[in-house]
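Structure first, then comments.
Every heavy atom of this structure was used, including side-chain atoms; hydrogens, water molecules and symmetry mates were not.
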Amino acid sequence: MKEREVVVSHRLGLHARAAAKLVQLSSQFQCNIVLFRADGANVTNPAEADARSILSILLLSAGYGSKLGVRADGADEEEAVNTICEYLTG
């Protein structure tokens, strides 16, 4: 299992279009990918999200500057974590 924390640098955070792109990126990997709040915020919504579910990602309410964790488990986990983290910070 690979895991890394990043700070979301998209100007508008993970809004619908950014979340849709994240789902598209995540779907190219075979491993399971989970996003989670790493900043202790967001106590009313789920703290984890399936990276292949746009609704799940949107419920994280990750705005600009939010600290997220990316966890992947499976054959291509390292590449998946690197790709997702690069997208979130790029």
Side-chain angles (χ1 to χ4, degrees):
M1 178 170 37
K2 291 296 264 185
E3 184 175 310
R4 191 174 357 153
E5 293 180 359
V6 295
V7 175
V8 175
S9 63
H10 287 273
R11 185 174 56 89
L12 300 175
L14 286 181
H15 55 81
R17 190 177 314 153
K21 176 67 176 173
L22 185 56
V23 168
Q24 183 182 20
L25 285 173
S26 299
S27 296
Q28 68 184 333
F29 298 103
Q30 296 176 355
C31 61
N32 294 320
I33 306 170
V34 173
L35 304 176
F36 59 96
R37 295 296 298 237
D39 53 9
N42 200 18
V43 293
T44 58
N45 292 330
E48 290 190 353
D50 178 349
R52 292 186 180 95
S53 166
I54 190 167
L55 181 59
S56 183
I57 294 169
L58 291 174
L59 287 174
L60 280 178
S61 301
Y64 174 81
S66 297
K67 189 173 181 182
L68 292 182
V70 179
R71 181 184 315 126
D73 190 16
D76 50 2
E77 61 193 24
E78 185 164 347
E79 184 180 356
V81 168
N82 290 339
T83 300
I84 300 301
C85 287
E86 184 176 310
Y87 176 69
L88 292 172
T89 59

Does any part of the side chain of [Y], heavy atoms only, come nearer than 4.5 Å to the side chain of [X], both counted from C-beta?
X: Cys31; Y: Asp73; result: no
X: Glu3; Y: Phe36; result: yes
X: Arg17; Y: Leu12; result: no
X: Arg4; Y: Asn82; result: yes

Verify same cluster id: Leu35, Leu58 (apolar side-chain graph, 4.5 Å):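 Linked, Leu35 and Leu58 end up in one cluster.
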Single-linkage hydrophobic cluster, 4.5 Å side-chain cutoff, Leu25 and Val81 together: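 Yes; tracing contacts between hydrophobic side chains, which count when under 4.5 Å, links both residues.
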Passing option when Glu5 is tested against Lys67, Arg37, Arg71 for salt bridge (Lys or Arg N to Asp or Glu O under 4.0 Å):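 Exactly one pass, corresponding to Lys67.
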To the nearest 0.5 Å, tell me how far [X] [atom1] sits from [Y] [atom2].
X: Glu48; Y: Ile57; atom1: CD; atom2: CD1; result: 13.0 Å
X: Lys2; Y: Glu79; atom1: NZ; atom2: CD; result: 12.5 Å
X: Ser61; Y: His15; atom1: OG; atom2: NE2; result: 14.0 Å

How close do [X] and [Y] get, counting heavy atoms only, and between which atoms?
X: Ser9; Y: Thr89; answer: OG-O, 2.7 Å
X: Ile54; Y: Ala16; answer: CD1-O, 3.6 Å
X: Tyr64; Y: His10; answer: CD1-O, 3.2 Å
X: Arg52; Y: Ile33; answer: NH1-N, 4.3 Å

Side-chain donor or acceptor of Ser66 paired with backbone N/O of Val8 under 3.5 Å: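 It does not hold such a pair.
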Expected output: side-chain Glu86 to main-chain Thr83 donor-acceptor under 3.5 Å: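 Not a single qualifying donor-acceptor pair exists.
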Given Leu14, Asp39, Val7, the one that forms side-chain contact (heavy atoms from CB on, under 4.5 Å) with Leu68: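 Among the candidates, only Leu14 passes.
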Exceeds 12 heavy-atom contacts within 6.0 angstrom, atom CD of Gln28: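 Yes, enclosed.
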